[in-house]
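Working notes, structure below.
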4 protein chains.
Amino acid sequence: MSDKAWGGRFDQELDALAARFSASVDFDQRLADQDVRGSIAHVRMLAARGVVSGADADAIVAGLSQLREEIAAGEMPWDPALEDVHMNIETRLTARIGEAGKRLHTGRSRNDQVATDMRLWTREAIDDTARRIDRLLGVLATRAAESHDHLLPGYTHLQRAQPVRLSHHLLAWAEMLERDRGRLLDARARLNECPLGSAALAGTTFPLDRDATAAALGFDRPTRNSLDAVGSRDFLLEAVGALSICAIHLSRVAEELVLWSSQEFAFVEMSDAFTTGSSIMPQKKNPDMAELVRGKTGRVVGHLVSLMMLMKALPLAYNRDMQEDKPPVFDAFDTVRDSLDVLAGCLDSARFDRARMAEALRRGFVEATEVADWLAERGVPFRDAHHVSGRLVRRCVEAGKTLPELTLDELREEHPSFDESIFAALDAETAIERRALVGGPAKAQVEAQVAALRARLAERA
Amino acid sequence: MSDKAWGGRFDQELDALAARFSASVDFDQRLADQDVRGSIAHVRMLAARGVVSGADADAIVAGLSQLREEIAAGEMPWDPALEDVHMNIETRLTARIGEAGKRLHTGRSRNDQVATDMRLWTREAIDDTARRIDRLLGVLATRAAESHDHLLPGYTHLQRAQPVRLSHHLLAWAEMLERDRGRLLDARARLNECPLGSAALAGTTFPLDRDATAAALGFDRPTRNSLDAVGSRDFLLEAVGALSICAIHLSRVAEELVLWSSQEFAFVEMSDAFTTGSSIMPQKKNPDMAELVRGKTGRVVGHLVSLMMLMKALPLAYNRDMQEDKPPVFDAFDTVRDSLDVLAGCLDSARFDRARMAEALRRGFVEATEVADWLAERGVPFRDAHHVSGRLVRRCVEAGKTLPELTLDELREEHPSFDESIFAALDAETAIERRALVGGPAKAQVEAQVAALRARLAERA
Amino acid sequence: MSDKAWGGRFDQELDALAARFSASVDFDQRLADQDVRGSIAHVRMLAARGVVSGADADAIVAGLSQLREEIAAGEMPWDPALEDVHMNIETRLTARIGEAGKRLHTGRSRNDQVATDMRLWTREAIDDTARRIDRLLGVLATRAAESHDHLLPGYTHLQRAQPVRLSHHLLAWAEMLERDRGRLLDARARLNECPLGSAALAGTTFPLDRDATAAALGFDRPTRNSLDAVGSRDFLLEAVGALSICAIHLSRVAEELVLWSSQEFAFVEMSDAFTTGSSIMPQKKNPDMAELVRGKTGRVVGHLVSLMMLMKALPLAYNRDMQEDKPPVFDAFDTVRDSLDVLAGCLDSARFDRARMAEALRRGFVEATEVADWLAERGVPFRDAHHVSGRLVRRCVEAGKTLPELTLDELREEHPSFDESIFAALDAETAIERRALVGGPAKAQVEAQVAALRARLAERA
Amino acid sequence: MSDKAWGGRFDQELDALAARFSASVDFDQRLADQDVRGSIAHVRMLAARGVVSGADADAIVAGLSQLREEIAAGEMPWDPALEDVHMNIETRLTARIGEAGKRLHTGRSRNDQVATDMRLWTREAIDDTARRIDRLLGVLATRAAESHDHLLPGYTHLQRAQPVRLSHHLLAWAEMLERDRGRLLDARARLNECPLGSAALAGTTFPLDRDATAAALGFDRPTRNSLDAVGSRDFLLEAVGALSICAIHLSRVAEELVLWSSQEFAFVEMSDAFTTGSSIMPQKKNPDMAELVRGKTGRVVGHLVSLMMLMKALPLAYNRDMQEDKPPVFDAFDTVRDSLDVLAGCLDSARFDRARMAEALRRGFVEATEVADWLAERGVPFRDAHHVSGRLVRRCVEAGKTLPELTLDELREEHPSFDESIFAALDAETAIERRALVGGPAKAQVEAQVAALRARLAERA
């Protein structure tokens, strides 16, 4: 008869390939700390309810605490033959403290146990990710505060569009990250319920105190339905969904760093500490870190798709398919964590080239909107003003000029309203300062945004 | 020179294929109502700020209101040559009210306009979806209240596991849907900021009152960064992510309806109104609606992938790629809406077969956990008790018996602790009632869950 | 009793929402021509086998031929109440020719019928796509032939790397498209088997001549297993997979067109016929077509994910979920078709700016590899030569020079081997011509590649 | 100055996090054997062309051969500080054989080197996968040959539809797998071109013999364009696309094994060697292997999405993002490999329950098509015959009878044509044997299919 936890009705050992195929301890050992803490909370509650004796509970808690240290020290010998993290820990506990160890699993199943472990792990991973987002936000705040006077073209369609401040641009990235953080915390709030007590799928006959275990593990409350508690994984889909959106935002930041690192833009020079070279082209200084961040987006989104396909059309309650939820979740958090940190390093150490930005601004016809607005403010219907300005740009392109280089006479050939005051309107700094609405690039606005961001970060620190 | 809104610097007309390829009015006309309401709020604010005259504003509002009725009546003649919903409306407005119409676009760009329209549309679509989830929850509450006494096997690995009540199972579905609703509402809260005033990407020089427009359109506040406001679409990714998870939950419900409709399970008979037959096999009564709900999951998740790939690595701010955000968003909401309604209809009209469920329960060895628990409660370590019970099941399988059909002698051959009281423990109703923890299948628990669900629904109605 | 094709055992009409939810004629009418042709082949074979009379067959063929014209003319009145394209056609046929029409469905089911229609449609869509790929390849061949003397930097990591010819770059795109075409044709070869005769799932008792129907419809042979024939859709997954890869290739071409259209690169100016402007920024000339092509990539890949999720874990044979295969397949082909044509138009009408490319080449240190190779050819180990060249680049960056501007003395300070002949090696044209291996940028090579491409196209025309 | 291969123009060491983030040797060491073989072929060609001396080449080949054994024995000490597999191998080679080692990299770049390694690896992985598909096909052939007389219902919509043979059903799975194999081999044929000689992106000035290297490595020819050769990864997308479809097919097989293992179907009993139990429910015998195979589908498809998103919109030629291609490719092949082998084990050792299948057949009204066909053969239009049969089924449902239990009088009440011969038509074996078309379930057909499959396997062995 099989030695497995479930061996009673089995005649034959598991096939070697099947054993390897189904063993999860290679990856679920990552839940070891959560598993031990869950077990400690469970057995203390069992003792409080008189289901196990105080002496047994004490022995179990002592044994688990010792195991926890062993695990933290990397000294736990994980055995694939014991299938998963739960059986490895229970087996080692029982080997060490004897019969009492076998009582730990009372009123519990691996189904509610692993659901609890994953919720604890994900909650902690979210908290960690939120902290790293805040660190990157801190870097953005610092760099933004330093770059109010770096004027550059804002782009649409990768075409120079209107002048903005570099701080304004960096603050746009900060907005995205703030929402990413919010999404993760919403996911955290929703998942923070304790499955323990749901047992295999239908609860248990033991008089557990579900509120006590939930509280001991920092959960807001026990889950409300045992079939759902062991059979659902939407908390993982939601968390990896939030990570995917964050990864997409990071890919957008990375894309701009790659563009800005090109010789064509040259708005930024990444530090040597965050770039690499070529084994064949000695002149190369490649924005590899930004490229890798961009490339890893697919990895995170791929994990989301993997999880969604995994859960599609699974009947209640637990199915073994769900064991496959762990690798993508772990890797998605790891990937976003490193990407956040690497981008923080890149941005912290990058040198922004104010002169190159100014040069791009000078040659981009970004004053064309000013011309149209100037006319519109003087009563020309906007659509007409826009056409006048467009014709002026075409004239410049043909003559190889910039808009400020046109004469008043040339301007008046396209519309009689022009007077000398138009030239002041064509200055980039002026154009920016006139955009003084909330959310705009005027200095007072971006300064206020930086201050508000710093205040939020201070509050969360 | 081109007639387009942007024609000033162009010599040549847009190629016919390019025009068709880039026109969006076929699908973005769906934003017409939001677009008109946004324009009304915008022009009223412009008048309040003195940017347009009161007379012009009145003419515009009157014209737009008339257009709104025309649109609602399906009488608006959409012209692909006018590219998109915005230009169609503005052009028709100007045709009708003259020059004043051209002043509407003052201090605005299509970039902030479409971002506003999409936020309004998505907000309203979320509200609608939440209502439909509540309707399906209402059906589940009703059917659960009727089915406390339908006992059936709970399943894990699609193997009969432990007895539960049908109400308990239906309530598990309700839990999933509650979280789906929560996710949508979190997305709604996060997106409810007004981009108007962000203009093309860098705000505008006109003295707009962004708070006023935001309030008039029911937004909580204006967006905080103009580049982000026109360049981000994470609100759509989040909403479609929430819909995807909901669709996956619906696929799980659908899967169980398909399984339960099979002759093998036969736990449910769908009404004729929600099934179809075969053109070649006269006996067939197919659970087509459930199959289609299941099949449409891929459609929603496909849209999510489409949107995520769309936004990957796009530099700030607006890029034309983002026009492609609309079809997947519209179709994702439509698909989930219909799937919710169809499942509500299916479940409302289905007949659950209590006798078949009871029969499945009788033959499933689902009392094996009771045997193990019975021993564990009498001091046998759980892992040992489990082995004893497993051996008894094997004995039954070999003898073609059920567990209650074993004699006390047979039981004692496997473990000496057994006495007569074991037989009472093997009754399914008893087994269920002993699972009286929060979230378990005991009648008091499921009744409390139904009551709590109904109270929540009443509060939200 | 229901009027449906399958109404025999049904008491109640289909619910209105369910009817709308399950009707497919809105989209599967696109299979009308294939459906009619399949029916004609089927009934001719039935007559040849004596299953229907010659007179009935003649009446059916005549009726179907008339319907086919009606469909082509857009005059067929599609009725959603008749569910799908098959029932619409059969019903209209029977209305027109009477009882004989009812005999058409003999020995056939909608299951093998729709599988046949989809294979025919996909085969024809592949042929059409292959032709459009060839058209785009033709444009690339023409532009490449014109641009052998446009020298520009080849890029890695978006950093200027080594000099190439524009023709070499355009030919790289052609290689990708050639493989895309090959994948589609492999898919075509694999799908070209005829399901007719598989009936609902288990074949039919009628003495059909499967070889005859297959041949009449241009299939290579009948399918080999009836369950598989009606229950599999991998031919669609494969086709849309091939389209997805093609769309990714088009997104790469589009990305480069967007980059090259930026003022920073300015390597290309798209024609007015394939660009648009901004409603607010009069100077803008946006590469919208390329952006849309890039954006639509997600759409195609989203459809692939949709189909894969659709088919995951479906038991044999037909399930109604599979009705959902059509919209993503149709849209994927449409999207790639238009993207191919739009890019052909963009590339055909674009103006490449040789001077800007040359300027980028001059300032990119792309000669650094030449320096290293020059040393390596003179016996310096490559890794050492590379370091010397890297130090020279650093010296240039610090001094604001290009490599050709260094003096021989400066060169010798880094390595004693340098002599005057190094300066000739630094010329871009020379560097390119020295790369004369198969697949390299030397003129003889790219000319040979263009010729070979044209020869392939001529052969396929 | 940095020690890296590319350190020449760098002042500062790579940041530690950046180093970890960008190092690939953890995963690309899996390419070690391919890398060494590629290097051996490269250096032999260099010697043949006189680019390196015979003595150097001999030393390099000897050193690499020694390294190859070391790698195979797992004794190579991989150093993350050396970034990737290529630098690890070259560094160790040079440490061992001295200066000559530095000459290996002449006329080559990591860009063409890694592209070559990945093509070699993928080609070999495809060959391995094809062999494992054949092994599974062999198991299916064997089980099919044994199960011609296992009659069971064929299903559509998971409803019993028409009688088939188990062998017919198993052969449907074989058809899917045959196409999966074909797709992989098509991918193999397309990728089998040698990138060596493309160098970093633009070829090289060294007089390489690309044909010789290609031939030495078993490639059909050199690649045709150097930018494409180092910048494209569609061969990986195609291979993982083919694996994804295969994984979906395996998920369908797995789904049916899960269904058939349920107590409700009970068509199959998996062997103890391929099932596991429950830690809490002693009666459970879970089809875990099939569930895991089903669950891993998402993993493979997730990798495909990851790769597609990775490559989207990347400009030519190599970008560092592409380093991320390896983990998904490796894991996709590993996952499909194990899934194939596990399913082969499951199917090889499973016991099919002929009695349970027969019982399901008896109670499924699967004879209804026979009734309709019987009438149709006697001149009743098929649509009418179908309605008659549907009414008979309804009558049976109401009376609790099977179709063969109806009397002739009862039959005639629905249609006057019925006579005694109808009863013979209702026998399942008869019904099956009458379906004797190619691809149908008649015994001669399935026997021929098994024989043909075995012949193909014998030819490929």
Side-chain angles (χ1 to χ4, degrees), chain A residues 2 4-15 17-18 21-22 105 109-111 199-200 271-274 276-286 288-289 291-292 294-299 301-310 319-324 327-328 338 341-342 345, chain D residues 2 4-15 17-18 21-22 105 109-111 199-200 271-274 276-286 288-289 291-292 294-299 301-310 319-324 327-328 338 341-342 345:
Chain A
S2 164
K4 300 284 179 188
W6 37 263
R9 66 169 291 205
F10 286 75
D11 274 325
Q12 200 184 339
E13 282 300 322
L14 195 58
D15 171 85
L17 168 63
F21 191 67
S22 60
H105 207 56
S109 153
R110 282 190 287 186
N111 293 355
S271 80
D272 287 2
F274 286 92
T276 63
S278 155
S279 69
I280 199 163
M281 291 168 289
Q283 84 280 15
K284 296 295 293 299
K285 191 167 175 184
N286 297 324
D288 289 82
M289 299 307 133
E291 292 172 276
L292 284 167
R294 185 176 61 185
K296 284 173 190 287
T297 314
R299 187 166 179 151
V301 174
H303 291 322
L304 176 62
V305 170
S306 167
L307 289 167
M308 288 191 161
M309 189 168 272
L310 177 68
N319 300 280
R320 188 66 179 265
D321 317 52
M322 288 153 73
Q323 174 174 304
E324 285 286 313
D338 285 351
D341 288 355
V342 160
Chain D
S2 165
K4 301 284 180 189
W6 36 265
R9 67 168 291 206
F10 286 74
D11 274 326
Q12 202 184 336
E13 282 298 322
L14 195 58
D15 172 83
L17 168 63
F21 191 67
S22 60
H105 207 56
S109 153
R110 282 190 288 187
N111 292 355
S271 80
D272 287 3
F274 286 92
T276 64
S278 155
S279 70
I280 200 165
M281 292 168 291
Q283 84 280 15
K284 297 296 291 302
K285 191 166 175 184
N286 297 323
D288 290 83
M289 299 308 133
E291 293 173 275
L292 284 167
R294 185 177 61 184
K296 285 175 191 286
T297 315
R299 186 165 180 150
V301 175
H303 291 322
L304 176 62
V305 170
S306 169
L307 289 168
M308 288 192 160
M309 189 168 272
L310 177 69
N319 300 279
R320 187 67 180 265
D321 317 51
M322 288 152 72
Q323 176 174 303
E324 286 286 312
D338 285 352
D341 288 355
V342 160

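Letters A, B, ... mirror the listed sequences (proteins, then strands); counts begin at 1. Note that these values count all heavy atoms, side chains included, but never hydrogens, waters or copies made by symmetry.
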Looking at D/Asp341, D/Asn319, D/Leu310, which makes the most heavy-atom pairs under 4.5 Å with chain A? D/Asn319

List the atom of D/Ala18, the atom of A/Ala273, and the distance in Å for their closest heavy-atom pair. CB-O, 3.7 Å

Kindly say whether A/Asp288 contributes a backbone atom to a donor-acceptor pair with the side chain of A/Asn286 at under 3.5 angstrom? no

Closest non-hydrogen atom pair, D/Leu14 against A/Asp272: CD1-O, 4.2 Å

With chain D, which of A/Gly298, A/Gly345, A/Pro327, A/Pro328 has the greatest number of heavy-atom pairs at distances under 4.5 Å? A/Gly298

Given the options A/Glu291, A/Arg294, A/Met309, which has more heavy-atom pairs under 4.5 Å with chain D than any of the others? A/Glu291

Would you find a donor on one side and an acceptor on the other, under 3.5 Å apart, between the side chain of D/Arg320 and the backbone of D/Ser22? yes

Most contact-rich option vs chain A, by heavy-atom pairs under 4.5 angstrom, among D/Lys296, D/Met322, D/Gln323, D/His303, is D/Lys296

